Amino acid sequence: MRRSKSDFFTNGSDDPPSQEEKTAAGVSPQSPESSGEVAELRRKLEEKTREAEENYARLLRLAADMENLKKRQERERAELLQFANEHLVKELLPVVDNLERAVEHGRQLEAPQALLEGIEMVHQGFIKALDRYGVTAHDSLGQQFDPAYHNAMMQEEAPDVPDGSVIKELQKGYLMHQRLLRPAMVVVARNTQNETTSGQNDSTVQEEK
């Protein structure tokens with residue numbers, strides 16, 4: 001039996017679509033269970049994001065520590081190469097001292113010129129060899145006494161020089177790459193005239209008070 005168009009519109013249903021019809025049409029209402037799953041997934045995502053940020057920050061710190069370690073090792077290696085011969089040089093310094101004493105005594109005793117020149121040449125050869133390794137003498141005469149570079153052996157009266165200045169050098173001091181290798185043994189001036197003047201000034205001030 002054929003249905004007419006009028007029958008179709010007359011008998012059409014006004015009822016809302018069923019759940020099956022909604023599902024067939026692609027409409028999927030969100031259930032309480034699915035909302036909880038989304039929240040849980042969101043929480044896990046935030047947690048993993050935080051862990052990733054912490055791991056990245058830790059990686060940056062480790063990279064910085066490794067870079068600092070590398071620089072420190074390079075610096076220590078360069079310093080080791082610079083001062084590798086320090087002990088040998090210290091053993092050679094007394095030889096240089098003896099050569100200088102020999103030259104000085106030879107000049108005082110008017111030794112043969114050829115012998116004196118030979119000793120001076122040996123001494124200069126040692127000085128040049130030490131210079132190639134960064135070893136230089138530290139000049140102390142006329143300088144103010146400095147315990148970092150000088151070893152005071154005695155004091156002498158010296159009214160014509162400032163108190164505490166070095167007036168004699170018993171043994172030279174040496175530096176190696178600008179670092180102290182051996183302090184100089186020196187005699188320090190003691191100016192009692194300055195002390196007397198200072199004492200008089202102090203007594204005068206006390207009398208005025």
Side-chain angles (χ1 to χ4, degrees), residues 67-206:
E67 186 66 21
N68 292 333
L69 178 61
K70 181 180 177 182
K71 290 180 180 178
R72 184 167 65 251
Q73 288 178 342
E74 291 177 353
R75 186 168 58 250
E76 291 175 353
R77 180 175 176 273
E79 185 175 347
L80 180 62
L81 292 175
Q82 276 189 336
F83 298 98
N85 300 311
E86 181 176 358
H87 296 293
L88 176 60
V89 171
K90 285 183 178 180
E91 294 293 329
L92 292 176
L93 290 181
V95 179
V96 177
D97 296 335
N98 291 331
L99 288 171
E100 289 177 351
R101 294 189 187 100
V103 171
E104 186 64 26
H105 286 301
R107 289 172 180 170
Q108 292 177 359
L109 298 175
E110 296 183 355
Q113 187 66 25
L115 177 61
L116 189 59
E117 289 179 356
I119 298 175
E120 289 178 345
M121 288 177 63
V122 174
H123 174 256
Q124 290 299 319
F126 269 96
I127 295 299
K128 290 179 180 179
L130 293 176
D131 184 66
R132 284 195 295 269
Y133 289 94
V135 180
T136 55
H138 178 252
D139 189 16
S140 301
L141 286 175
Q143 302 295 324
Q144 193 69 17
F145 175 76
D146 186 350
Y149 293 95
H150 305 138
N151 188 4
M153 304 305 295
M154 63 182 74
Q155 285 184 316
E156 285 187 4
E157 299 289 340
D160 298 332
V161 297
D163 186 57
S165 59
V166 176
I167 56 176
K168 289 182 183 178
E169 194 176 51
L170 304 179
Q171 182 177 274
K172 282 186 178 181
Y174 283 89
L175 303 175
M176 188 173 189
H177 297 293
Q178 303 305 316
R179 190 174 79 177
L180 182 65
L181 184 63
R182 188 184 74 178
M185 294 183 180
V186 298
V187 178
V188 183
R190 182 182 179 186
N191 197 329
T192 54
Q193 185 176 2
N194 291 342
E195 293 178 359
T196 304
T197 304
S198 177
Q200 291 176 353
N201 292 337
D202 292 341
S203 61
T204 303
V205 172
Q206 290 178 358

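Note that the coordinates shown come from a computational prediction; the quantities given were computed from them, not determined experimentally.
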Closest approach of [X] to [Y] (non-hydrogen atoms, all atoms of both residues):
X: Leu99; Y: Ile119; result: O-CG2, 4.0 Å
X: Phe83; Y: Met176; result: CE2-O, 3.3 Å
X: Val186; Y: Ser140; result: CG1-CB, 4.1 Å
X: Pro162; Y: Ser165; result: O-OG, 2.8 Å
X: Ala184; Y: Glu169; result: CB-OE2, 4.3 Å
X: Val161; Y: Asn191; result: O-ND2, 3.0 Å

Distance from [X] atom [atom1] to [Y] atom [atom2], nearest 0.5 Å?
X: Asp146; Y: Asn151; atom1: CG; atom2: CG; value: 12.0 Å
X: Leu116; Y: Glu104; atom1: CG; atom2: CD; value: 10.0 Å
X: Glu91; Y: Asn85; atom1: CD; atom2: CG; value: 12.5 Å
X: Glu76; Y: Arg72; atom1: CD; atom2: CZ; value: 6.5 Å
X: Leu92; Y: His87; atom1: CG; atom2: NE2; value: 13.0 Å

Side-chain heavy atoms of [X] within contact of [Y], under 4.5 Å:
X: Arg107; Y: Glu120; answer: yes
X: Lys168; Y: Met153; answer: no
X: Val89; Y: Tyr174; answer: no
X: Leu93; Y: Leu130; answer: yes

Side-chain ([X]) to main-chain ([Y]) donor-acceptor, under 3.5 angstrom:
X: His150; Y: Val187; result: no
X: Arg190; Y: Met154; result: no
X: Asn98; Y: Pro94; result: yes

Criterion side-chain contact (heavy atoms from CB on, under 4.5 Å) on Asp97 and Arg182, from CA distance to verdict: CA-CA 12 Å; Asp97 296 335; Arg182 188 184 74 178; 2.9 Å; yes
Kindly indicate, with the supporting measurements, whether the criterion side-chain contact (heavy atoms from CB on, under 4.5 Å) is fulfilled by Gln171 and Glu100. CA-CA 10 Å; Gln171 182 177 274; Glu100 289 177 351; over 6 Å; no
Do other residues, nucleotides or ligands put more than 12 heavy atoms under 6.0 Å from the [atom1] atom of [X]?
X: Gln178; atom1: CD; result: no
X: Tyr149; atom1: OH; result: no
X: Glu74; atom1: CD; result: yes

Test: Lys90 and Glu86 ion pair at under 4.0 Å: yes
In sequence, state the C-alpha distance, the side-chain angles, and the governing distance for Gln82 and Arg179, and then conclude on side-chain contact (heavy atoms from CB on, under 4.5 Å). CA-CA 11 Å; Gln82 276 189 336; Arg179 190 174 79 177; over 6 Å; no
Is there a side-chain contact (heavy atoms from CB on, under 4.5 Å) between Val188 and Ile167? Walk through the geometry before answering. CA-CA 6 Å; Val188 183; Ile167 56 176; over 6 Å; no
